[in-house]
Asks: 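Below is one structure. I have some questions about it.
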There are 4 protein chains.
Amino acid sequence: MGVKERKAMEREQRRNQILDAARHLLFHSGIKNISISKIAGQAELGVGTIYFYYQNKEEIFVTLQEEGLSLLHDQIVTISNKRISQKNKLIQVAKAYCRFSVEHKNYFDIINYFLSSSIVFFKPDLKNRVDKSGFKVLSVIRKIVDKGIEKGQFKQTDSEKYTILFWATIHGVLQTRKMEATLLKDDGFDGLFEYSVNQLIHTLTQQG
Amino acid sequence: MGVKERKAMEREQRRNQILDAARHLLFHSGIKNISISKIAGQAELGVGTIYFYYQNKEEIFVTLQEEGLSLLHDQIVTISNKRISQKNKLIQVAKAYCRFSVEHKNYFDIINYFLSSSIVFFKPDLKNRVDKSGFKVLSVIRKIVDKGIEKGQFKQTDSEKYTILFWATIHGVLQTRKMEATLLKDDGFDGLFEYSVNQLIHTLTQQG
Amino acid sequence: MGVKERKAMEREQRRNQILDAARHLLFHSGIKNISISKIAGQAELGVGTIYFYYQNKEEIFVTLQEEGLSLLHDQIVTISNKRISQKNKLIQVAKAYCRFSVEHKNYFDIINYFLSSSIVFFKPDLKNRVDKSGFKVLSVIRKIVDKGIEKGQFKQTDSEKYTILFWATIHGVLQTRKMEATLLKDDGFDGLFEYSVNQLIHTLTQQG
Amino acid sequence: MGVKERKAMEREQRRNQILDAARHLLFHSGIKNISISKIAGQAELGVGTIYFYYQNKEEIFVTLQEEGLSLLHDQIVTISNKRISQKNKLIQVAKAYCRFSVEHKNYFDIINYFLSSSIVFFKPDLKNRVDKSGFKVLSVIRKIVDKGIEKGQFKQTDSEKYTILFWATIHGVLQTRKMEATLLKDDGFDGLFEYSVNQLIHTLTQQG
DNA sequence: CATGAATGAGCATTCATTCAT
DNA sequence: TATGAATGAATGCTCATTCAT
C-alpha cells in the first residue's frame, strides 16, 4: 500500500472517529445539544482537529444523515430482495420506515432537520450530498414500483412521481404522530398509518 | 368606551406591535434568526416589555403559527363555500396550500418548525394552541370530505383519517420541493404536485 | 370607630394580604424564587401596590422573618410555661428549634438569610426589626436560664451570654446538617445534635 | 521543561488570574456582586474564557472557599504544632477563627454562603470539594482534641462530635456579631466570644 | 497534522423599580 | 389609593470559529 493510500485510510479513520462521537451525542442528547466542542470532547480530539476533517457542523450532520439514510437503504434493499409480491414489498417498506422513525428516532430527527430547513440554508455541495442519499433510497423503492408495473401487479403510472408521493406521504403521516392525542380518536396513530398505506397501495392496484 | 375596554384594546395593540416585529423578522431573516432582543429592537420596545406580553419566545411563535393557520383557514373556508363539487373543492384546497407555501413561505416554515420539533419541546398550553389551530383547518377539510361522501360524490371512507392523510400528503410533497432539482426531471415539481393531488382525489372517487 | 382607625385597619389588611402571598411563595418555591411581581400576582394586586405598602422586598422578608421568629417565640413560651425543670425546658427549646428548622424550613432559611448576610446589607430600620424579634426569642430563653440559676438548678453564669451561646450553638449545629453525609459517621446528625445539647446543658449544671 | 509542563503552568496561571479577579471583586463589592461578566472584565478576558477554565460560577466560589479554608487550615496547623497545651491550642484556634472572620471577612462570607445555601444547590462534585476542605480543617482540630484526651488533658468524649460542636459553636457565635449593638451590653462581642470559648473548653476539661 | 486557548457576540430570561393615569 | 405597563441593565451560559504554536 502506498503512502497515499495509507494517508487516505488514516484520514477516513479520523473522520469516522469524529462521526462516532457525533453519533453518540446525537443518540444521547438529541440533535439540539450537539456542538463542535462537545463532539471534540467526546472524540478526545482538539476542536481544531474537527475543523480539519469537516468544514463545519452542517457537514457532520450531513454525514450522519447519509449514514441514517444508508441504514434505511439497506433495510429497504433487503425487503426488495425478498420473494414476495411488489405490493407486499411496498407495505413492508412503509412499515420499515415507520419502525425506523421510532427505533432510530435520532436519524429520523436529522432527516426531518434537513427536510424542514430552508432550502437556502445549506451550501450546494452539502445539499447535493443530502439529496443524493435521499435519491438512493427512493431509487430502490422506484425499482419495486417499476417491477410491479412491469409484472402487471400495479397499474401503469409515472413511477418516479409515485415513488416520491409514496415517500412524502409516509413521511408526512409520520410527522403527524406528535399530534396523535389531539387529532386522532379510537385506533390512534397506528390506525391512521395503516389506513394511509392501504390507500397508497390501493392507488397502485385498483383498476381506474 | 370605558377605561377597561380601552386598556384591553391598547394591550391588544401592543401584542400586535410585537407580533408585527416578530413577523417582520420572520419574513426578512427566517425563523432561525429570531431572538427576543431582535424582536424588541424591531418593535422599539424594551426586552422586558416583550415578556410582559408574551410568556416566552415559543408563545410568539405559536401566535404566529396561529396567524398563519388562520390565514390558511380562511382561504379554505372560502373554497369550501364555493358552489362547486366537493372534488373540485379538495383540488382547490390542495392548490391553495401549495400557493400558501410559496406566497407565505415563512408561515409555511413556521408550520414546519412545529411539525418537526420534538413533542416534548412545548409546554402543554402552547402545544394545545398549535394543535387547536391545526385542528380547525383540518375540520374544514373534513367537512368537505363528509359532504362529498354524503352526496355520493366520494366513496365511503373514514373521513377523519382521510383528512389527515390528505393533509399530510400535501405537506409531505411540498417539503420535497427543495429537492426538485435532484429528484425530478421533465415537468418538475408542478407535475409531481398535480400527480399527487390526482392520486389523492382518485382514492376518494374510484370505485374499489 | 373613626375614619382613622378604619383606614389603619384596611391598611393592615392589605399588608397581610401581601404577606400571605409572599409566605405562600416562600413556602412553595423557596426564598430564591420570590420576586415582587410574583408576590403581586399571587396577591392579585398591582406591582405598584406592593411598593405602597412595603418599601421594598427586604422589608417583606423582614416581616416574614418576624413572623417566623414569632412562631418560634410562641413555641418557646409554651415550653417555658411548663411545669418542668429549667433544664428540661432548655432541652425542649433546643429540640423545638431543631424541629422548627425542619418543619418550618422556609422560616429557618429566612433566618439564615439574615444571619449570613453582610451587616451592611440592610437599612438600619429593617435591621432593627430583625434584631428586635430575635431579641424577643432570646429573652424567653434567658428567663429560663435566670430562673434556673435563681432556683439553684443551674450554676452561676452570665445568663445573657449563655443564652446567646446556647442559641448560636444550636443554630451553628443545625447549619452543619447539610454536611451530614461527609462529616458524620455512625449515628449521624441526630447523634451530633443530642451530644451538643448535652454539652450545653452540662455546662450549666456541673459544678466547676 | 517540556511543552506539556509549560502548558500546564500557563493553564494554572490563567486559573489564578481569573481567581484573582474573582477575589478582587469579592473583596471590593462583596459576594452578592460577583458575576461572570464582571470577573471577565476584571480579569481582562472574554466571558467564554472564564468558562473555559471553570465549569460555572459556583466552581469559582468553591475554589475561593477552598482557598479561604486552606488559609485557615494553615493557621490552625501552625497552632497545632506549637509546644503548648492542647487546651491552649483550642483557645488559639478559636481566636484564630475569630480573627479570620474579621481580617478575611470575605472568605468568612463565602464560608457562610455555602453554609446557608440549600443542600441541593450544588452539584455533587462541587459539594464534595467544599466538604473536603472543610473536613481538612476539622481534622486538624480533631487531632488536637484526640491528643488532649490521650494525654489526659481532656476528659473522654466523642472527639468527632466535639470537634464539630466546637466549630459550629464558634461559627454560630461569630454570626451573631452583626447583632452586637442590639444583643450585647457591657463588654460586647469580645466578652461573649471569650465566654463562649471558656465554656467550650470547660466542657472538655471539667470532671463530670 | 493537531492542538486547544481565546473570543465576544449572542441567547432567553428575570427583576426591582418608576410613573403616568 | 391603586394600578400595571414599561424599562433596560443584568444574569449565567453557549458556541462556531480562528489562529498561533
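These values consider heavy atoms only, across backbone and side chains, with no hydrogens, waters or symmetry-generated copies. Naming convention: chains lettered A, B, ... in sequence-line order (proteins, then strands); numbering from 1 in each chain.
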Asks: Between A/Phe61 (CZ) and F/dC15 (C1'), how many Å, whole number?
Replies: 12 Å
Asks: NA contact type, C/Phe52, heavy-atom cut-off 4.0 Å: base, sugar-phosphate, or nothing?
Replies: sugar-phosphate
Asks: Does some side-chain heavy atom of C/Asn33 sit less than 4.5 Å from a side-chain heavy atom of C/Leu25?
Replies: no
Asks: Over how many whole Å does the gap from A/Glu59 atom CD to F/dA16 atom P extend?
Replies: 15 Å
Asks: If you compare every side-chain N and O of D/Lys38 against the phosphate oxygens of F/dG12 (OP1, OP2), does one of them come in below 4.0 Å?
Replies: no
Asks: Which part of the nucleic acid, if any, lies within contact of A/Arg14, taking any heavy atom under 4.0 Å across all strands shown: a base, the sugar-phosphate backbone alone, or nothing?
Replies: sugar-phosphate
Asks: Report the distance from atom CD1 of B/Ile39 to atom C1' of E/dT13, rounded to the nearest whole Å.
Replies: 13 Å
Asks: Give me the one residue out of D/Glu59, D/Glu10, D/Glu67 that meets salt bridge (charged side-chain N to carboxylate O under 4.0 Å, His left out) with D/Arg15.
Replies: D/Glu59
Asks: May I ask you to decide if B/Gly134's main-chain N or O and B/Asp131's side chain share a donor-acceptor pair within less than 3.5 Å?
Replies: no
Asks: Could you tell me the separation between the CZ atom of B/Arg6 and the P atom of F/dT3, rounded to a whole number of Å?
Replies: 17 Å
Asks: In whole angstroms, how far is the P atom of E/dT13 from the OH atom of B/Tyr54?
Replies: 15 Å
Asks: Pick the nucleotide of DNA chain F nearest each of C/Gly48 and D/Ser37; which residue has the one closer to the 5' end?
Replies: C/Gly48
Asks: For the backbone of A/Leu64 and the side chain of A/Arg23, can you confirm whether one donor and one acceptor N or O come within less than 3.5 Å of each other?
Replies: no
Asks: In whole angstroms, how far is the C1' atom of E/dT3 from the CD1 atom of A/Ile18?
Replies: 13 Å
Asks: Provide the Watson-Crick or G-U wobble partner of F/dT21, both distances under 3.5 Å; none if there is no partner.
Replies: E/dA2
Asks: Indicate, with a heavy-atom threshold strictly under 4.0 Å, whether D/Ile34 touches base, sugar-phosphate, or nothing.
Replies: sugar-phosphate
Asks: Determine the contact category for A/Thr49: base if any of its heavy atoms lies under 4.0 Å from a base atom, sugar-phosphate if only primed atoms, P, OP1 or OP2 are that close, otherwise nothing.
Replies: base
Asks: Using heavy atoms to find the nearest nucleotide of DNA chain E for D/Lys7 and D/Leu45 separately, return the residue whose nucleotide is more 5′.
Replies: D/Lys7
Asks: Paired with F/dA9: which nucleotide, if any, by Watson-Crick or G-U wobble criteria at under 3.5 Å for both distances?
Replies: E/dT14
Asks: Classify the ring geometry between A/Tyr107 and A/Phe27 as parallel (under 30°), tilted (30 to 60°) or perpendicular (over 60°).
Replies: perpendicular
Asks: Are the side chains of C/Tyr54 and C/Leu19 in touch, meaning some heavy atoms are under 4.5 Å apart?
Replies: yes
Asks: For D/Glu44 and B/Lys57, take the nucleotide of DNA chain E holding the closest heavy atom to each; which residue's nucleotide lies nearer the 5' end?
Replies: D/Glu44
Asks: May I ask you to evaluate whether D/Ser35 reaches the phosphate of F/dA10, defined as a side-chain N or O under 4.0 Å from OP1 or OP2?
Replies: no
Asks: Just to be sure I understand the rule, does A/Lys32 reach a base, reach only the sugar-phosphate, or reach nothing, if contact means heavy atoms closer than 4.0 Å?
Replies: nothing
Asks: Whole-Å distance between F/dT1 P and C/Glu10 CD?
Replies: 8 Å
Asks: Output the rounded distance in Å from OH (C/Tyr51) to C1' (E/dT18).
Replies: 9 Å
Asks: As a test of reading the structure: which of E/dT14, F/dT17, E/dC1 is closest to the side chain of A/Tyr53, going by heavy atoms?
Replies: E/dC1
Asks: When we call it a touch if two heavy atoms are under 4.0 Å apart, what does C/Ile36 touch: a base, just sugar-phosphate, or nothing?
Replies: base
